[in-house]
Visitor: 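Once you've had a glance at the structure underneath, I'll fire off some questions.
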Amino acid sequence: VGVDAAGLVDCVDVIFETDTGETCDKVSFGKFLEQVLDLRGSCSAKVKDIMDLRKYFRTMNYQILSVVEHTNARLAGIEEQLVLSRLASTSVATASVATSFSGSLYQSQGNAQ
(Lines give C-alpha, C1' and ligand atoms only; values in the text may rest on other atoms or scores of the structure.)
Protein backbone atom coordinates (compact mmCIF):
# COMPACT_ATOMS: atom_id res chain seq x y z
CA VAL A 1 0.00 0.00 0.00
CA GLY A 2 3.05 2.27 -0.12
CA VAL A 3 3.66 2.71 3.63
CA ASP A 4 7.24 2.90 4.90
CA ALA A 5 7.54 0.25 7.66
CA ALA A 6 10.37 2.10 9.44
CA GLY A 7 8.32 5.30 9.33
CA LEU A 8 5.36 3.40 10.77
CA VAL A 9 7.46 2.32 13.75
CA ASP A 10 8.44 5.96 14.33
CA CYS A 11 4.74 6.91 14.42
CA VAL A 12 3.66 4.26 16.94
CA ASP A 13 3.20 6.91 19.67
CA VAL A 14 0.78 8.80 17.42
CA ILE A 15 -1.13 5.66 16.45
CA PHE A 16 -1.68 4.66 20.09
CA GLU A 17 -2.72 8.10 21.28
CA THR A 18 -6.22 9.30 22.08
CA ASP A 19 -7.68 12.62 20.95
CA THR A 20 -6.77 14.12 24.33
CA GLY A 21 -3.11 13.16 23.97
CA GLU A 22 -3.17 10.23 26.39
CA THR A 23 -1.56 6.92 25.48
CA CYS A 24 -3.79 3.88 25.06
CA ASP A 25 -2.93 0.19 24.84
CA LYS A 26 -5.39 -0.77 22.13
CA VAL A 27 -6.86 0.76 18.99
CA SER A 28 -9.59 -0.58 16.77
CA PHE A 29 -8.56 -2.21 13.53
CA GLY A 30 -10.45 0.45 11.57
CA LYS A 31 -8.61 3.31 13.29
CA PHE A 32 -5.28 1.53 12.88
CA LEU A 33 -5.88 0.93 9.18
CA GLU A 34 -6.99 4.53 8.67
CA GLN A 35 -3.84 5.87 10.31
CA VAL A 36 -1.59 3.47 8.37
CA LEU A 37 -3.17 4.56 5.09
CA ASP A 38 -2.77 8.22 6.12
CA LEU A 39 0.98 7.59 6.43
CA ARG A 40 1.43 6.61 2.78
CA GLY A 41 4.04 8.65 1.00
CA SER A 42 1.66 9.44 -1.83
CA CYS A 43 -0.78 11.23 0.52
CA SER A 44 -0.61 14.99 0.56
CA ALA A 45 -1.71 17.13 3.49
CA LYS A 46 -5.25 18.40 3.34
CA VAL A 47 -7.00 21.16 5.26
CA LYS A 48 -8.45 18.51 7.60
CA ASP A 49 -4.93 17.28 8.40
CA ILE A 50 -3.79 20.80 9.26
CA MET A 51 -6.89 21.34 11.43
CA ASP A 52 -6.21 18.05 13.24
CA LEU A 53 -2.62 19.13 13.80
CA ARG A 54 -3.82 22.49 15.14
CA LYS A 55 -6.23 20.73 17.51
CA TYR A 56 -3.44 18.43 18.69
CA PHE A 57 -1.07 21.33 19.39
CA ARG A 58 -3.75 23.28 21.24
CA THR A 59 -4.56 20.28 23.42
CA MET A 60 -0.90 19.67 24.20
CA ASN A 61 -0.37 23.38 24.88
CA TYR A 62 -3.25 23.44 27.39
CA GLN A 63 -1.87 20.35 29.12
CA ILE A 64 1.58 21.89 29.39
CA LEU A 65 0.10 25.17 30.63
CA SER A 66 -1.84 23.27 33.30
CA VAL A 67 1.32 21.53 34.50
CA VAL A 68 3.24 24.83 34.58
CA GLU A 69 0.46 26.54 36.58
CA HIS A 70 0.38 23.64 39.04
CA THR A 71 4.16 23.77 39.39
CA ASN A 72 4.08 27.54 39.97
CA ALA A 73 1.44 27.12 42.68
CA ARG A 74 3.53 24.45 44.41
CA LEU A 75 6.64 26.64 44.13
CA ALA A 76 4.80 29.60 45.67
CA GLY A 77 3.77 27.39 48.59
CA ILE A 78 7.35 26.21 49.09
CA GLU A 79 8.63 29.79 48.97
CA GLU A 80 6.04 30.83 51.57
CA GLN A 81 7.07 27.97 53.86
CA LEU A 82 10.73 28.95 53.45
CA VAL A 83 10.03 32.57 54.36
CA LEU A 84 8.01 31.53 57.42
CA SER A 85 10.77 29.12 58.44
CA ARG A 86 13.39 31.85 58.15
CA LEU A 87 11.23 34.28 60.14
CA ALA A 88 10.72 31.68 62.86
CA SER A 89 14.44 30.90 63.09
CA THR A 90 15.26 34.62 63.14
CA SER A 91 12.74 35.16 65.98
CA VAL A 92 14.24 32.30 67.98
CA ALA A 93 17.77 33.63 67.41
CA THR A 94 16.70 37.17 68.40
CA ALA A 95 14.98 35.90 71.55
CA SER A 96 18.06 33.86 72.41
CA VAL A 97 20.36 36.86 72.00
CA ALA A 98 18.01 39.07 74.02
CA THR A 99 17.84 36.50 76.82
CA SER A 100 21.59 36.09 76.79
CA PHE A 101 22.12 39.85 76.80
CA SER A 102 19.66 40.48 79.64
CA GLY A 103 21.24 37.64 81.64
CA SER A 104 24.73 39.07 81.22
CA LEU A 105 23.43 42.56 82.03
CA TYR A 106 21.84 41.22 85.22
CA GLN A 107 25.09 39.52 86.21
CA SER A 108 27.13 42.65 85.58
CA GLN A 109 24.73 44.72 87.70
CA GLY A 110 24.97 42.13 90.48
CA ASN A 111 28.78 42.33 90.40
CA ALA A 112 28.68 46.11 90.54
CA GLN A 113 26.69 46.13 93.78
Side-chain angles (χ1 to χ4, degrees):
V1 288
V3 176
D4 178 25
L8 184 60
V9 171
D10 290 340
C11 295
V12 74
D13 58 332
V14 175
I15 293 172
F16 290 97
E17 189 174 76
T18 64
D19 292 336
T20 59
E22 298 174 10
T23 303
C24 61
D25 295 332
K26 298 177 183 178
V27 293
S28 68
F29 179 74
K31 182 179 177 184
F32 176 76
L33 188 58
E34 179 184 330
Q35 290 188 354
V36 167
L37 293 176
D38 284 345
L39 295 173
R40 290 181 291 182
S42 62
C43 291
S44 56
K46 298 186 175 18
V47 173
K48 179 192 177 302
D49 298 323
I50 302 302
M51 295 305 290
D52 288 344
L53 187 61
R54 179 180 174 266
K55 180 180 174 183
Y56 174 79
F57 278 123
R58 286 187 74 187
T59 301
M60 296 310 298
N61 189 38
Y62 286 133
Q63 288 178 356
I64 291 169
L65 182 61
S66 174
V67 169
V68 167
E69 287 174 349
H70 177 71
T71 303
N72 282 341
R74 287 184 61 202
L75 183 58
I78 291 169
E79 287 175 338
E80 183 178 339
Q81 289 176 353
L82 182 61
V83 167
L84 292 175
S85 173
R86 284 184 178 167
L87 286 175
S89 65
T90 302
S91 298
V92 168
T94 303
S96 175
V97 168
T99 303
S100 175
F101 178 73
S102 66
S104 64
L105 183 62
Y106 178 74
Q107 285 177 348
S108 66
Q109 285 179 349
N111 290 339
Q113 292 177 350

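Source: prediction; values computed, not measured.
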Visitor: Rounded to the nearest 0.5 Å, how far apart are CD of E69 and OH of Y62?
Guide: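 It comes to 11.0 Å.
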Visitor: Please identify each residue that fulfils side-chain contact (heavy atoms from CB on, under 4.5 Å) with K26, with sequence neighbours left out.
Guide: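 For K26 there are no side-chain contact (heavy atoms from CB on, under 4.5 Å) partners, ignoring immediate neighbours.
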Visitor: In terms of hydrophobic clustering (I, L, V, M, F, W, Y; side-chain heavy atoms under 4.5 Å; direct or indirect links), are V36 and V9 co-clustered?
Guide: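 Cluster IDs for V36 and V9 differ.
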Visitor: About how many Å separate CG of L84 and OG of S89, when rounded to the nearest 0.5 Å?
Guide: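 One gets 11.0 Å once the value is rounded to the nearest 0.5 Å.
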Visitor: For D52, which of K55, K48, R54 qualifies under side-chain hydrogen bond (donor to acceptor under 3.5 Å, both in side chains)?
Guide: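 Exactly one option meets the side-chain hydrogen bond (donor to acceptor under 3.5 Å, both in side chains) with D52, and it is K48.
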Visitor: Test side-chain contact (heavy atoms from CB on, under 4.5 Å) on K31 and E34; report intermediate values, then the result.
Guide: CA-CA 5 Å; K31 182 179 177 184; E34 179 184 330; 5.5 Å; no
Visitor: How long is the gap from OG1 on T59 to CD1 on I64, to the nearest 0.5 Å?
Guide: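 So the OG1 of T59 and the CD1 of I64 are separated by 11.0 Å.
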Visitor: Tell me whether V68 is reachable from L75 by hopping between hydrophobic residues (I, L, V, M, F, W, Y) whose side-chain heavy atoms are closer than 4.5 Å.
Guide: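 Cluster IDs for L75 and V68 differ.
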Visitor: Is L82 reachable from L87 through a run of hydrophobic residues whose side-chain heavy atoms are each under 4.5 Å from the next?
Guide: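 No, no single cluster joins them.
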Visitor: Which value, rounded to the nearest 0.5 Å, describes the distance between F32 atom CZ and L37 atom CG?
Guide: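 So the CZ of F32 and the CG of L37 are separated by 9.5 Å.
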Visitor: Mind listing the closest non-hydrogen atom pair of D49 and A45 along with its distance?
Guide: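 Minimum heavy-atom separation between D49 and A45: OD2-CA, 3.6 Å.
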Visitor: Treating R74 as the side-chain partner and T71 as the backbone partner, does any N or O pair qualify as donor plus acceptor under 3.5 Å?
Guide: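 No, R74 side chain to T71 backbone: no donor-acceptor pair under 3.5 Å.
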Visitor: Side-chain heavy atoms nearer than 4.5 Å, only ILVMFWY residues, links allowed to pass through others: does that put V67 and L65 together?
Guide: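 No, separate clusters.
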